[in-house]
Amino acid sequence: QVQLVESGGGLVQAGGSLRLSCAASGRSFTDYVMGWFRQAPGKEREFVGATIWSGSRTTYADSVQGRFTISKDTLKNTVFLQMNSLKPEDTAVYYCAVRKGFVLATEPALYVYWGQGTQVTVSA
């Protein structure tokens, strides 16, 4: 059974940084895409970024481009989201998710497995 466990969230001041981790288990992910999403109170879940598990292709939402970076340690089955220059509007619960294939989809409904989420709060 696929399991995704996020960690690394917390409270940070505007301009600060956080690194989120997503530990994946339960199968080989070599033919999967790993995505990061976030959901703020009262808002829909939105795409943050995605990467090909076994390759280098990565894409980001315009709102985080240049500030957030996805990396991975395939030996440890872990994907990271490095978040720099954080803004109060980045406050949300952050989720990792996976989908089979090699398309860097941005629509949450296209992802099959989800983690439980980790809270990120950015104070002004």
Side-chain angles (χ1 to χ4, degrees):
Q1 177 156 344
V2 173
Q3 268 199 314
L4 304 174
V5 180
E6 301 97 335
S7 61
L11 173 64
V12 64
Q13 287 189 328
S17 298
L18 280 175
R19 189 176 81 154
L20 306 184
S21 299
C22 175
S25 62
R27 62 153 293 135
S28 170
F29 294 95
T30 55
D31 55 348
Y32 274 65
V33 167
M34 170 68 77
W36 283 97
F37 294 82
R38 65 187 182 186
Q39 188 166 18
K43 294 188 176 181
E44 293 187 352
R45 193 165 296 188
E46 67 171 358
F47 174 75
V48 173
T51 189
I52 302 293
W53 189 273
S54 59
S56 60
R57 280 198 301 130
T58 305
T59 189
Y60 300 94
D62 289 344
S63 58
V64 306
Q65 180 76 48
R67 299 188 297 123
F68 291 11
T69 303
I70 295 174
S71 62
K72 50 189 181 285
D73 183 339
T74 53
L75 293 179
K76 295 183 178 180
N77 266 11
T78 301
V79 177
F80 305 98
L81 181 66
Q82 178 67 44
M83 306 185 296
N84 299 328
S85 302
L86 282 162
K87 306 174 181 179
E89 51 263 43
D90 294 319
T91 295
V93 177
Y94 283 71
Y95 300 88
C96 61
V98 293
R99 69 181 302 268
K100 191 173 175 59
F102 301 96
V103 175
L104 296 173
T106 62
E107 178 58 47
L110 296 177
Y111 287 75
V112 176
Y113 300 102
W114 291 82
Q116 82 289 349
T118 185
Q119 176 71 47
V120 171
T121 303
V122 184
S123 63

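- In this structure, T78 has no side-chain hydrogen bond (donor to acceptor under 3.5 Å, both in side chains) partners at least two apart in sequence or on a different chain.
- Under the disulfide bond (SG atoms under 2.5 Å apart) criterion, no residue pair touches residues 47-80, with sequence neighbours excluded.
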If you look only at distance, which donor and acceptor atoms sit under 3.5 Å apart when one is on a side chain in residues 101-114 and the other is two or more places apart or in another chain?
from : atom 1 : to   : atom 2 : distance (Å)
Y111 : OH     : A105 : O      : 2.6
W114 : NE1    : Y111 : O      : 3.3

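- Within the structure, disulfide bond (SG atoms under 2.5 Å apart) pairs that include any residue of residues 35-72 do not occur (at least two apart or interchain).
- For residues 52-90, there are no disulfide bond (SG atoms under 2.5 Å apart) pairs, not counting sequence neighbours.
- Side-chain N or O atoms of K72 include one that pairs as donor or acceptor with a backbone N or O of I52 at under 3.5 Å.
- Using modelled atom types, no side-chain atom of Q82 and backbone atom of S71 make a donor-acceptor pair closer than 3.5 Å.
- Remark: S85 engages no residue in a side-chain hydrogen bond (donor to acceptor under 3.5 Å, both in side chains) (not counting sequence neighbours).
- Using a 4.5 Å cut-off between side-chain heavy atoms of Ile, Leu, Val, Met, Phe, Trp and Tyr, with links allowed through other members, V5 and F29 fall into different hydrophobic clusters.
- Listed by chain and number, the residues in a salt bridge (Lys or Arg N to Asp or Glu O under 4.0 Å) with D73 amount to none (sequence neighbours excluded).
- Using a 4.5 Å heavy-atom cutoff, the side chains of N77 and W53 are in contact.
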Pairs of donor and acceptor atoms involving the side chains of residues 31-38, under 3.5 Å and at least two apart or interchain, shall be tabulated with distances.
from : atom 1 : to   : atom 2 : distance (Å)
D31  : OD1    : R27  : NH2    : 3.4
D31  : OD2    : K100 : NZ     : 2.4
Y32  : OH     : R27  : NH1    : 3.2
R38  : NE     : E46  : OE2    : 2.5
R38  : NH1    : D90  : OD1    : 2.9
R38  : NH1    : Y94  : OH     : 2.9
R38  : NH2    : E46  : OE2    : 3.1

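- Closest heavy-atom contact between L4 and Q116: O-OE1, 3.6 Å.
- Enclosure of atom CD in E89 by more than 12 non-hydrogen atoms of other residues, nucleotides or ligands within 6.0 angstrom is indicated.
- Clustering ILVMFWY residues whenever any of their side-chain heavy atoms sit less than 4.5 angstrom apart, transitively, puts V98 in a cluster other than the one holding F47.
- Remark: T69 engages no residue in a side-chain hydrogen bond (donor to acceptor under 3.5 Å, both in side chains) (not counting sequence neighbours).
- Partners of Q39 by side chain to side chain contact (heavy atoms under 4.5 Å, CB included), not counting sequence neighbours, listed by chain and number: R45, Y95.
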Check residues 7-23 and write down every donor-acceptor pair under 3.5 Å in which the side-chain atom is one partner and the other belongs to a residue at least two apart or another chain.
from : atom 1 : to  : atom 2 : distance (Å)
S17  : OG     : N84 : OD1    : 2.9

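- For the residue pair T30 / S54, no side-chain donor-acceptor distance below 3.5 Å is found, with atom types taken as modelled.
- The stretch residues 59-86 participates, sequence neighbours left out, in no ring-ring contact (aromatic ring centres under 6.0 Å, His included) pair at all.
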